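The chains referred to below are lettered A, B, ... by the order of the sequence lines, with proteins before strands, and numbering in each begins at 1. Nothing here was measured: the structure is a model prediction, and the numbers come from that model.
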Amino acid sequence: MRMTRLVSKTLRADPPEAETASHRLLLRAGLIHQVAAGVYAYLPLAWRSLRKIEDIIRQEMDAAGSQELMMPALQPRELWEQTGRAAAMGQVLFSLEDRRGRPMVLAPTHEEVVTGIVRANVQSYRDLPVILYQIQTKFRDEPRPRAGLVRVREFDMKDAYSFNADEESLDDSYQAMAQAYRNIYRRCSLPVLMAEADSGAIGGKDSHEFILSTPTGEDTVITCPACGYTANAEKAEGVYPDAMPDTALDTALDTEPEQPLEEVATPGIKTIAELAEFLNLPTSRTLKAVFYAADGETVFVTLRGDLEVNEVKLKNALHCQELRLATDAEVREAGLVAGSASPIGISNLRQVADPSISQGRNFAVGANRPDVHVQNANYPRDFQVDLLTDIALAQPGHGCPHCNAPLEATRGIEVGHIFKLGTFYSEALGALYLDQEGRQHPIAMGCYGIGVGRLLAAAIEQNHDDRGIVFPAPIAPYQAHLVGLNLTDPDVVAAADALYRELWAQGIETLYDDRPDQAAGVKLNDADLLGLPLRLVVSPRNLRNNAVEVKGRRETEATMVEMDGVAAAIKQALGA
RNA sequence: CGGGGUGUAGCGCAGUGGCUAGCGCGCUUCGUUCGGGACGAAGAGGUCGGAGGUUCGAAUCCUCUCACCCCGACCA
């Protein structure tokens with residue numbers, strides 16, 4: 001490709017609206033063009049890169065025994081009513097009407113349609129297992145698109161669906177997909193973490209996310225450096241620090257006898273931090289009360305003062321669709337005193353608590369009266385709860401649930417997610433098969449997603465320097481960036497043109513900076529910005545030595561190669 | 001949806017009631033330059049996000065509205 005014919009232009013300065021590296025570089029290098037919030041055109045350079053990612057995905061998916069197909073993005077809304085997901089997805093589901101007024105949606109994912117396809121085509125255990133995949137445009141009306149291609153409303157996703165006779169077979173498909181995913185990321189030069197993840201309201205047993213560690217990521221992953229335990233923070237379990245054996249305080253806490261309840265005046269004290277300081281106690285000797293609205297019902301949540309609520313765990317525990325913090329009005333209406341609320345004496349609300357409330361004794365807690373707290377609260381002596389279950393957020397420093405070593409936290413971008421779905425969709429949509437004995441069963445399903453554009457963004461997030469993108473060779477739009485310097489010199493033009501033709505003839509994808517009127521600095525800076533693996537410079541100086549200058553994007557020093565041997569040298573460099 | 005911010009030339013910005021709306025980059029033409037973002041000269045390019053209002057007069061003041069960005073609850 002000649003740069004004089006390339007539609008996109010590089011930007012001289014960073015676009016001010018772009019915060020994250022990938023967003024900034026995608027815009028600046030002319031790879032994407034924004035059309036609306038979270039809606040982007042992929043310009044030719046990006047599209048070449050995306051197609052390479054797709055090729056890698058296809059090769060690995062095919063190798064794992066799955067079959068590619070293509071499903072429609074436009075679907076009847078009715079299909080989504082059947083599984084209840086129209087309501088579950090809410091505003092995220094792009095909805096429209098056709099000319100007859102029939103409700104339609106732009107699909108955010110394809111479980112409904114793919115299950116229908118399998119229902120129509122699979123009747124026997126002999127037809128299973130099946131894994132189907134596509135690479136197709138998805139639509140999600142996200143509340144807040146952000147960071148360029150990281151979070152958008154229209155995006156290309158590789159989505160795969162496995163259909164198996166039983167759980168054991170499902171596990172085989174799941175493992176095959178997990179391995180395919182690892183291969184895909186490795187081939188894209190992306191070191192990912194495979195983290196245990198929440199499987200969402202639909203349920204199912206296993207779920208893993210593939211997270212690329214970057215400081216700008218939206219997700220937090222909890223890892224154990226000792227045993228390798230890795231889980232999304234929303235899913236992760238942690239052993240609370242007080243339960244760890246080596247603090248004197250804990251031993252004291254465990255043996256301390258329960259003391260009688262005692263009111264204490266706490267003027268103006270509203271937060272846990274203030275309370276702990278006022279009473280000269282660690283926050284782990286207080287109880288924290290938080291109020292949520294779960295599908296409209298106000299729920300009273302208690303956990304130890306040093307812990308935070310994991311809303312995903314709470315949502316799963318409550319089996320509700322919508323969970324949010326209760327508003328001030330709802331709190332008042334329920335008769336609660338924000339800043340001094342207490343589970344003691346609450347009888348009109350559903351109460352949920354974390355087991356941490358019984359790790360330790362004689363807690364300080366609110367008194368349900370302003371400016372008063374209570375000391376020496378003990379569960380279950382002083383209050384009861386309707387549900388006692390793990391709803392705490394694992395935090396760095398907490399103990400690993402497997403080996404008790406201190407956990408660490410990492411930010412990252414989710415670049416893939418795999419789920420065991422179980423039989424939710426096959427039951428809702430009647431995708432059944434007959435086993436050897438002629439008995440009917442719902443098909444066990446799994447689903448597996450990779451955001452292709454997000455993967456490109458993540459690759460750039462991970463592979464760049466202060467001069468620009470550093471494309472991993474397998475996903476670079478072109479392999480070589482041929483720069484002609486001083487192209488007003490006919491000899492240089494002739495030599496560069498000839499080399500350009502030769503490289504393509506040798507199968508080396510080459511971008512040719514044939515702009516006649518740009519200064520050397522502009523061209524070299526653009527080459528760094530675009531970040532193709534190899535840069536070749538043809539110039540009068542090099543031509544006098546009958547040589548071409550070759551430099552890898554990550555290298556600081558160039559090497560001179562004889563003109564005749566350039567193609568061979570490039571092939572060797574790219575092969576290595 | 002809550003909070004914060006921005007809309008003026010292709011891009012980045014200046015312009016707080018007064019003449020024909022400016023600056024830098026980019027773009028066009030000519031000339032000079034030519035290895036890390038050149039120089040000179042001459043040009044082209046604007047519904048000042050949109051609608052309504054106030055005023056002799058609005059990019060500027062008021063009302064409404066739309067779009068986009070950033071921070072929080074969701075996901076590939």
At a cut-off of 3.5 Å, list every protein nitrogen or oxygen paired with a nitrogen or oxygen from nucleotides 49-51 of chain B, distance to 0.1 Å.
none

Work out how far the [atom1] atom of [N] is from that of [M], and round it to whole angstrom.
N     : M     : atom1 : result
B:U60 : B:C64 : P     : 16 Å
B:U63 : B:A42 : C1'   : 46 Å
B:A59 : B:G12 : P     : 22 Å
B:G46 : B:C27 : C1'   : 15 Å
B:C48 : B:A9  : C1'   : 10 Å
B:C23 : B:A44 : P     : 13 Å

Rounding to a whole Å, what distance do you find between [X]:[atom1] and [N]:[atom2]?
X        : N     : atom1 : atom2 : value
A:Glu142 : B:A73 : CD    : P     : 14 Å
A:Arg146 : B:C75 : CZ    : C1'   : 12 Å
A:Ile53  : B:A76 : CD1   : C1'   : 13 Å
A:Asp14  : B:C70 : CG    : C1'   : 17 Å
A:Leu27  : B:G12 : CG    : C1'   : 14 Å
A:Tyr40  : B:A76 : OH    : C1'   : 16 Å
A:Gln136 : B:A76 : CD    : C1'   : 13 Å
A:Asp141 : B:C1  : CG    : C1'   : 13 Å

Pairing partner of [N] (Watson-Crick or G-U wobble, both distances under 3.5 Å):
N     : value
B:C39 : B:G31
B:C11 : B:G24
B:U60 : none
B:C19 : none
B:A44 : none

Next item on the list: Would you verify whether the NZ or CZ of A:Lys138 falls within 45 degrees of the ring axis of A:Phe155 while also being under 6.0 Å from that six-membered ring's centre?
Entry: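 No; the conditions do not both hold, so A:Lys138 does not lie above the ring face of A:Phe155.
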Margin query: Testing A:Leu530, A:Leu534, A:Leu532, A:Asp465 one by one against A:Arg553 for a side-chain contact (heavy atoms from CB on, under 4.5 Å), which residue passes?
Written below: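 Testing each of A:Leu530, A:Leu534, A:Leu532, A:Asp465 against A:Arg553, the sole residue satisfying side-chain contact (heavy atoms from CB on, under 4.5 Å) is A:Asp465.
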Between A:His208 and A:Phe210, ring centroids under 6.0 Å:
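Aromatic pair excluded; centres sit 6.0 Å or further apart.
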Open item on the list: Centroid separation under 6.0 Å, is that true for the rings of A:Tyr161 and A:Tyr133?
Closed with: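 Aromatic pair excluded; centres sit 6.0 Å or further apart.
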Side-chain atoms of residues 480-496 of chain A: list all donor-acceptor pairs with protein atoms under 3.5 Å, sequence neighbours left out, distances to 0.1 Å.
from, atom 1, to, atom 2, distance (Å)
A:Asn486, OD1, A:Thr488, OG1, 3.1
A:Asp489, OD1, A:Asp491, N, 2.8

The contact string for nucleotides 29-45 of chain B, one letter per nucleotide 5' to 3', using protein heavy atoms under 4.0 Å with B, S and - for base, sugar-phosphate only and none, comes out as -----BBBBS-------
Looking only at atom types and distance, does a side-chain atom of [X] sit under 3.5 Å from a main-chain N or O of [Y], one as donor and one as acceptor?
X        : Y        : answer
A:Thr220 : A:Arg411 : no
A:Glu555 : A:Gly552 : yes
A:Lys52  : A:Trp47  : no

Exercise for review: Look at the side chain of A:His23 and decide which nucleotide, out of B:C70, B:G12, B:C75, has an atom nearest to it.
Suggested key: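 The nucleotide sitting nearest to the side chain is B:C70.
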Discussion item. Starting the side chain at C-beta, find the nucleotide from B:C75, B:G12, B:C68 nearest to A:Pro16.
Written reply: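 Of the candidates, B:G12 comes closest.
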Worksheet item: Salt-bridged, A:Arg146 to A:Glu19, with N to O below 4.0 Å?
Response: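 Salt bridge: no.
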Less than 4.0 Å between a side-chain N and a carboxylate O, is that true for A:Arg2 and A:Asp497?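 Yes, charged N to carboxylate O under 4.0 Å.
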- Query: Looking at B:C75, does its base get a donor-acceptor pair with the side chain of A:Arg454 below 3.5 Å?
  - Reply: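 Side chain to base: pair found, below 3.5 Å.
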Discussion item. Here's a test of your reading of the structure: between A:Arg153 and A:Arg144, which maps to the more 5' nucleotide of RNA chain B?
Written reply: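 Nearer the 5' end of the strand: A:Arg153.
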If you assign A:Ala147 and A:Asp156 each to the RNA chain B nucleotide with the nearest heavy atom, which residue ends up on the more 5' nucleotide?
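Here A:Ala147 is the residue nearer the 5' end.
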**Report entry** Non-hydrogen atoms of A:Met1 and A:Leu6 that approach each other most closely
**Finding:**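 For A:Met1 versus A:Leu6, the nearest heavy atoms are CE-N, 3.5 Å.
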